[in-house]
Amino acid sequence: MSQTETVKSKLFDTYSELLEKNLLEEMLEVGMPRTIQEGELLIDIGDELTHIPLILDGVVKIIRKDKHGCELSIYYLEPGDTCSISFANCINKKTSIFKGLAETEVHVLAIPVDLIDDWLVKYKSWRHFIIDSYHFRLLEMVETVDSLAFLKMEQRIWKYLTDKVKISNEVDLELTHQQIAEDLNSTRVVITRILKKLHEEEKIYSTRNRVRVLEFFE
DNA sequence: ACATTAAGTGATT
DNA sequence: AATCACTTAATGT
């Protein structure tokens, strides 16, 4: 099978449900097939977006860097995905705010940016595809934010405490901050701070080796 | 009184 | 939220 045949079959395999046939044919004409080796960058922060990669094969890890260079992986892109966040960028001819790293060997079809705009008008399925993937990406990001948010540990502690109250049928719990930390896979200092906050909010009363749950409703 | 362990805090990542 | 470094408070012997 020739290379273009391979690209064609992969493209149709993964996208024919999502995109109309005319669009896929046009993609084949204008797109440039590229292979990215594992560990290589598809795109780095600050790069100019000249093409949109349609992923045919492999996994791409999308990474965001903070000011200090600390990296946080935001989500993964797989076949059938494309980096929808980059659409806003390319329509306004901006540079990338994310880093895309090939987690495995990746095959993409690189679509020139200029066409993205035209296709939005020309193809209904393309519009849906873009909006859908934007939505999906957003949901994914909300999820990662949730798991990082401060609120989460506080909620986990609260659930932990009220569960204990239910089980023991006793609002006075004998436990140390250290024990809670171990159960919740956290650290003592973090627990101490959150318990102090709950104490100040008068949801609990805590002293050494003891936590009393004050606001408990079945 | 002294050692040990639990809890509080500020700064930093 | 986690880690570090250090302080302060409670307890046991």
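To find a chain, count down the sequence lines: A is the first, B the second, and so on, and within it residues start at 1.
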*asked:* Would you compute the distance between atom CD of A:E26 and atom CD of A:E20 and round it to the nearest 0.5 angstrom?
replied: 10.0 Å
*Residue-phosphate contact under 4.0 Å: A:H177 side-chain N/O, B:dG8 OP1/OP2*: yes
*Whole-Å distance between B:dA7 P and A:I204 CD1?*
11 Å
*How long is the line joining CE of A:M153 and C1' of C:dT3, in whole Å?*
15 Å
*asked:* With a 4.0 Å limit, can you tell me whether A:S186 has a side-chain N or O closer than that to the phosphate oxygens OP1/OP2 of C:dA2?
replied: yes
*In whole Å, what is the span from the CD atom of A:Q178 to the C1' atom of B:dA7?*
11 Å
_Side chains of A:Y123 and A:L19, heavy atoms from C-beta outward: is any pair under 4.5 Å?_
no
*In Å, rounded to the nearest 0.5 Å, how long is the span from OG1 of A:T35 to CD of A:E40?*
10.0 Å
*When the ring planes of A:W126 and A:W119 are compared, do they come out parallel, tilted or perpendicular, using 30° and 60° as the limits?*
perpendicular
*Considering only side-chain heavy atoms of A:K196, which listed nucleotide, B:dG8, B:dT9, C:dA10, is closest?*
B:dT9
*To the side chain of A:T176, which of B:dT9, C:dA2, B:dA7 is closest?*
B:dA7
*For the pair made of CD in A:E182 and P in B:dT5, what is the distance, rounded to whole Å?*
14 Å
*Between atom CZ in A:R193 and atom C1' in C:dC4, what is the gap in whole Å?*
11 Å
_Gap between atoms CD and C1', on A:E174 and B:dA6 respectively (whole Å)_ = 13 Å
*Looking only at N and O atoms, is any donor in the side chain of A:R208 or the base of B:dG8 less than 3.5 Å from an acceptor on the other one?*
no
